[in-house]
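Take a look at the structure set out below.
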Protein chains: 2
Amino acid sequence: MDINDLQTFLAVAESGSFSRAAERAFITQPAISKRIAALEAELGAKLFDRVGRRIQLAPAGIALLPQARTILDGVGEAKRRIAALSRDIAGPLRLGTSYHVGLHRLPPALRQFYTAHPNVQLDLRFMDSEAACHAVEQGDLDLAVVTLPRGSNARLRREKVWEDPLEIVVAAAHPLAAARHLRLQALAEYPIILPVPGATTREIVLAALAPVRRNLRIGLETNYLELIKMLVSIGLGWSALPHTLIDGDLKVVQIEGIRIVRELGVVTHAARTLSNAASAIIEAIRATK
Amino acid sequence: MDINDLQTFLAVAESGSFSRAAERAFITQPAISKRIAALEAELGAKLFDRVGRRIQLAPAGIALLPQARTILDGVGEAKRRIAALSRDIAGPLRLGTSYHVGLHRLPPALRQFYTAHPNVQLDLRFMDSEAACHAVEQGDLDLAVVTLPRGSNARLRREKVWEDPLEIVVAAAHPLAAARHLRLQALAEYPIILPVPGATTREIVLAALAPVRRNLRIGLETNYLELIKMLVSIGLGWSALPHTLIDGDLKVVQIEGIRIVRELGVVTHAARTLSNAASAIIEAIRATK
DNA sequence: TATATCCATAACTTTTGAGAATCGAAATCA
DNA sequence: TGATTTCGATTCTCAAAAGTTATGGATATA
């Protein structure tokens, strides 16, 4: 059974004539004859009684008529829904973000997006950047707004949105806070407080500190930059933190030749089609850059 | 758009693979590829994302999936209605039955039906009652002959055919087997052997034992009454079993005020037209009541 | 790293379906 | 009543659609 056959059936039933149905469908009358014959063969029942040179719906045709309408309605609805996908921004959107990005970079974009597109069901999940990237790769998230991973992964598409410079900081009351020109070696005497192993930010900091990597004393590790800030400010060590976290409790230490920058942005699956909602929120994020 | 294309789409979406869908449809994999490509071209949207060597539904595919089911249901209904117009009883009949009903209640009806209507292709599947009801609801079965579910489900039509009283039983050699007047509390001292959670029979037994439900010690669980019979007869606990399973190894224990009855019968989809074959076998089942 | 699996593509073949021409039956008209 | 028109069925031809086989590239898997 074919959609065309059903449409033909409907046209014949409504027009009461093979010839008129043929005109309506812009095909020849023999084609109509054959389509109806094929339908009848498939269903094993006569759909029309050929009474002389006119036709009438047979019982099976009467039974089929409302069903054919239902089916064709369903087909139309399916087409309309898919066509709507290319216009409407709606439906579910699963977004993962890291604690830091979610709290300090995402809110404006989120507010704008949420008011502009109320039909999107936003499922916002906080997690660390690495877990978010993994979830995107697995198809468990539509996109992640996180610290962009280093290295390359062909399955992920990355778009840098923000540069997030990290400053080396010590407690305001720390002995090193007073020093005028500080050399890296002097810093390395004190313990460094770092994100947990595996975290991208940790990798970036360690890469920037490569000259003294051998001498670094790793003091504490935590998975949350706010905690690092707290630990540094009570004098447990030094670290590298983004501007947004630096306040009067901390002293920024400039070191010749050392510049630490991490990239924040959007990670999506390279091979999966983005929903309109996903594209729209990415656009909103770009706009608030 | 063609019915076949939709069926192909559904098969791919459900099996998660072009190759498996090809096997299911008895055509080659390139044919599947082409059908899906044709559908995608017609709808102007990608239905699947080809991620490496596996596939995932794209947004348009997610939108199409429920519509495709609706359309195909409509086609099936149309065919059934037309087939029902003719009086002959033939064609496929997918019947699900539980182990117990299938072995102890259905055989006479089945024998009569099978000899009376040799042109029916009977597809008889054993499964537990709950799975059978679910399959009927999904349209994967034409009817189920099972323990009737409690509660109400507007999508299912139930017809009670048999009452199946369950008797409380212990092993013939069990200490309680000798007791003259047994109170429920005394029984509850020993572990009860029950069908697995979710099984209707379990619910019925537990509802009947409501007075001591708190004190019940659930010893073992299994999904097959014959197994319960075996476990009880070797003395691992007590249970409630239908008469058909009770033999000399077991002792029936009468308890004042406790009567456990389950209902066995036919479950069909409330909104679907029954095929002639389905109506006929239901008639046969009623006749052997 | 080798192997197996999976989807896409190309080349070829078969099947399907449309059109042109024509026929027979029956309604319509002179 | 007989000629004419109308309508659906049939036949033949051809092009398009859809299937198969063979093969290739990419990627999980052992």
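Proteins get letters first, then strands, A, B, ... in listed order; numbering begins at 1 in each. Remember, it's a predicted structure, so these values are computed and weren't measured experimentally.
Nearest nucleotide to the Ala31(B) side chain, out of dG19(C), dT20(D), dA9(D): dT20(D). Counting only heavy atoms from C-beta on, Arg20(B) has its side chain closest to dC6(C) among dC6(C), dG19(C), dA8(C). Among the nucleotides dT20(D), dG19(C), dT29(D), the one closest to the side chain of Ile27(A) is dG19(C). Among the nucleotides dA8(C), dC12(D), dT20(D), the one closest to the side chain of Lys34(A) is dC12(D).
If you measure from atom NZ of Lys46(A) to atom P of dG8(D), you get 14 Å, rounded to the nearest angstrom. In this structure, CD1 of Ile32(A) is placed 11 Å from C1' of dA18(C), rounded to the nearest angstrom. Atoms CD1 (Ile3(B)) and C1' (dA18(D)) sit 17 Å apart, rounded to a whole Å. Separating the CG atom of Asp5(B) from the P atom of dA18(D) is a distance of 7 Å, rounded to the nearest angstrom. Atom CD of Gln56(B) is separated from atom P of dC6(C) by 16 Å (rounded to the nearest Å). The distance between atom CD of Glu42(A) and atom C1' of dT16(C), rounded to the nearest whole Å, is 14 Å. Remark: C1' of dC7(D) and CD1 of Ile36(A) are 15 Å apart, rounded to the nearest angstrom. Rounded to whole angstrom, the span from the CD atom of Gln29(A) across to the C1' atom of dT10(D) amounts to 10 Å.
Residue Ser17(B) places at least one side-chain N or O closer than 4.0 Å to OP1 or OP2 of dC7(C). Checking the phosphate oxygens (OP1, OP2) of dA28(D), a side-chain nitrogen or oxygen of Arg155(A) falls inside 4.0 Å. OP1 or OP2 of dA8(C) has at least one side-chain nitrogen or oxygen of Arg50(B) nearer than 4.0 Å. For dA9(D), the OP1/OP2 oxygens have a side-chain nitrogen or oxygen of Ser33(A) closer than 4.0 Å. Here Thr28(B) does not reach the OP1 or OP2 of dG19(D): none of its side-chain N or O atoms lies under 4.0 Å away. Between dG19(D) and Arg35(B), a contact under 4.0 Å exists linking OP1 or OP2 to a side-chain N or O.
When all heavy atoms of Gln112(A) and Ala284(A) are compared, the pair lying nearest together is OE1-CB, 4.0 Å.
Between Leu194(A) and the choices Ile228(A), Leu206(A), Leu209(A), Thr222(A), the side chain to side chain contact (heavy atoms under 4.5 Å, CB included) rule is met once, by Leu206(A).
Salt-bridge formation is detected for the pair Glu283(A)/Arg286(A): a Lys NZ or Arg NE/NH1/NH2 atom is positioned less than 4.0 Å from an Asp or Glu carboxylate oxygen. Ion pairing between a basic and an acidic side chain is recognised when a charged N comes within 4.0 Å of a carboxylate O; Arg69(B) and Glu14(B) show such pairing. The existence of a salt bridge linking Glu137(B) and Arg155(B) is confirmed by a sub-4.0 Å separation between a basic side-chain nitrogen and an acidic carboxylate oxygen.
Ser19(A) comes within 4.0 angstrom of sugar-phosphate atoms only, judged by non-hydrogen atoms across all strands, and of no base.
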